[in-house]
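Everything numeric in this text was worked out from a predicted model, so none of it was measured. In what follows, residues are counted from 1 in the order of the sequence shown. Ligands are counted one by one from 1 in listed order, and the atoms in each one are counted from 1 as well.
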Amino acid sequence: MAPHPRDLAVAALTAADLAHVVALVAWPDPEAGRLPDGRPAAVLVADHGGRARLDEQHPDGQVLTGRNPLASTDPLAFLPYEQEVADPSPDHERNAYPLPWLRLSSFFADRRSPDVAIVHTAGHYFPEVGGHRGEHGSLDVIQSRAPLLLSGAGVTARGRLATHARLVDVMPTLAHAAGVPAAHLAGLDGRGLDDLVEPGATHVIGLLWDGGHPGSLLDLAERGELPAVARLLARGCALEGGAVAEFPSLTLVNHTSALTGVGPGRHGVVGNVYWDRDEERRVVPNDASTWHRTAELYRPGVETLFEVVAAARPGARTASVNEMTDRGAWASTFGLVRAGLESGAAHAGDPGTPESRDFVSVVRRLLPDPLVSPFVTTRRCLEDDDYAFYSAIDLLGLATMSGLFSAPADEVPAVAWWSQYTTDAGHHAGGPRSGIATDALRDCDRRLGAFLDQLDSRGLLEDSFILLTADHGFEAADPAVRGMWTDALAAALDPLGVGWRDEGPGFLYLDT
Ligand SMILES: [Zn+2]
């Protein structure tokens, strides 16, 4: 019998001469079938040195040949932070891949997921296909580790805790704090952290700093360089292992996971870009021209934080500020974008088209000017255009939060979520611990400080529960680690005449 194209692709990708760029590949075990919930009954992982099978009974993998490609699955690997600093972007053999079964089985539950997922090595640098000096997306622990701080009303000040949670725990934790009964939160992938927070806060506030590196965040806060984060920590706790992001550790996958409490296999947003087999088209949900349409991708049964709060507490005001997950929110930034587009004031176009670029130009002209703001390190905007764009977005976020929380007391949101993005731009531009990444954290902290001051001056801070997280971590690419697997895949697959696509790169679709 002729070999299956998937097996030829796996063999090509796990060749020793690609081991510097391919950490491992993963795919559903074709012989194992599906679980009743739609997940594959088993997932296979392979690298150049071996192959293992993961399932419910063997969540860390059972070796099939050679050695286990997942040398460690410790969510607390590279802690304390000094260990990460001493061994940044570790080789695959020294790396850790936490919760591999839970995360991979969720990812492969949706038909939008690829036939084979290719996990880049921590140091892989691929600027020719969109890679940056700082990168995320991997299954590995550092790119998957988002910060998790809980603070204020209902939280006992306990400082740092040597434990971890999952990013899918964020939604049920906020809902629990907001008084949503546990029965309304049953059946999610995540669980409310009810051992760390008591319900009853008048205001529940979720903060997301996109790609906000947890080690840097806590280290800088302790050194007095992020005073607003330090204020949160003084009245709460931080999990040193943070919140483990869903796979892949990409932006839209994990904003959605954090705010719906379920992984990509259930919400359906499997990547920033993916191939839709049913519609035979490339979908790019993480784009300035498509962010406002994220909810169109949700699979049936998905509920956002805002919908869960509205169901349990009819009439409670909720706000989603600068956040793509906003369905059901009383006030929403992207709700305004949709209203503007529906009025015909502008057209968003498709990603990458001249129309979408015009749309982004229009949006930029409407945003605050980051070059004249005390909350922005303006020289970084001149260095990096993404830093300028996301600084402008983050200033709009601060203005929106400030407006919502200056309303008369009974009109202030009971539940609010505010995403900031400059941290992602700074870390992409320079990698963790670079000057531009550190300035991005400082800028986000200054904006948060202004908001905390406002809450304090109105007497609202005491009764507010605040959670700070991110959508993923970040690791520095090594400019010496270059190369791609495209030629190897072409050599393996093209002679068979099978169509294939590598989206991302790293999402390999066969028979397209
Ligand atoms: Zn992100």
Side-chain angles (χ1 to χ4, degrees), residues 103 107 119-120 122 126 130-148 166-168 170-171 206-217 242-260 263-264 267 269-274 284-292 294 297 320-326 333-334 351 384-387 389-394 397 417-432 434 436-437 440-441 443-444 447 467-477 504 506-507:
R103 298 195 291 154
F107 175 64
V119 177
H120 300 248
F126 47 101
H132 303 84
R133 291 300 300 271
E135 213 37 91
H136 58 89
S138 169
L139 185 72
D140 84 10
V141 65
I142 299 300
Q143 295 184 36
S144 303
R145 182 180 287 154
L148 190 61
R166 295 175 65 191
L167 212 50
V168 286
V170 166
M171 185 275 243
L207 305 169
L208 183 147
W209 292 6
D210 200 292
H213 189 282
S216 301
L217 186 95
V244 180
E246 291 299 296
F247 177 77
S249 51
L250 293 172
T251 293
L252 210 62
V253 176
N254 283 291
H255 280 251
T256 314
S257 297
L259 278 156
T260 62
H267 59 60
V269 185
V270 300
N272 288 342
V273 49
Y274 64 86
V284 187
N286 191 36
D287 186 90
S289 65
T290 52
W291 285 328
H292 61 283
T294 304
L297 303 173
S320 175
V321 175
N322 283 9
E323 168 54 52
M324 295 75 86
T325 314
D326 70 338
T333 313
F334 283 107
D384 186 271
D385 190 54
D386 279 348
Y387 197 102
F389 180 48
Y390 291 109
S391 292
I393 286 178
D394 290 348
W417 178 276
W418 171 23
S419 294
Q420 294 203 66
Y421 298 89
T422 308
T423 32
D424 190 73
H427 282 81
H428 272 308
S434 62
I436 190 168
L441 286 163
D443 286 1
C444 287
R447 292 185 285 263
L467 178 154
L468 171 61
T469 189
D471 51 344
H472 48 75
F474 254 105
E475 231 159 10
F507 281 27

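- Note that the OH atom of Tyr274 and the CG atom of Leu252 stand 9.5 Å from one another [nearest 0.5 Å].
- Taking 2.8 Å as the threshold, Asp424 does not count as a candidate ligand of the Zn ion (ligand 1), since none of its N, O or S atoms lies below it.
- Ring planes of Phe334 and Trp291: perpendicular class, angle over 60° (limits at 30 and 60°).
- No side-chain N or O of Gln143 forms a donor-acceptor pair with one of His472 less than 3.5 Å apart.
- Inspection of the Arg133 and Ser434 side chains reveals no N or O donor paired with an N or O acceptor under 3.5 Å.
- Minimum-distance N/O/S atom of Asp471 relative to the Zn ion (ligand 1): OD2.
- The Zn ion (ligand 1) has no N, O or S atom of His255 inside 2.8 Å of it.
- When each of Asp386, Asp394, Asp384, Asp210 is paired with Thr422, the side chain to side chain donor-acceptor pair (under 3.5 Å) condition holds for Asp394 and for no other.
- Between the Zn ion (ligand 1) and the N, O or S atoms of Asp210, the shortest distance is to OD1.
- For a distance bound of 2.8 Å, the N, O or S atoms of Thr251 include one lying that close to the Zn ion (ligand 1).
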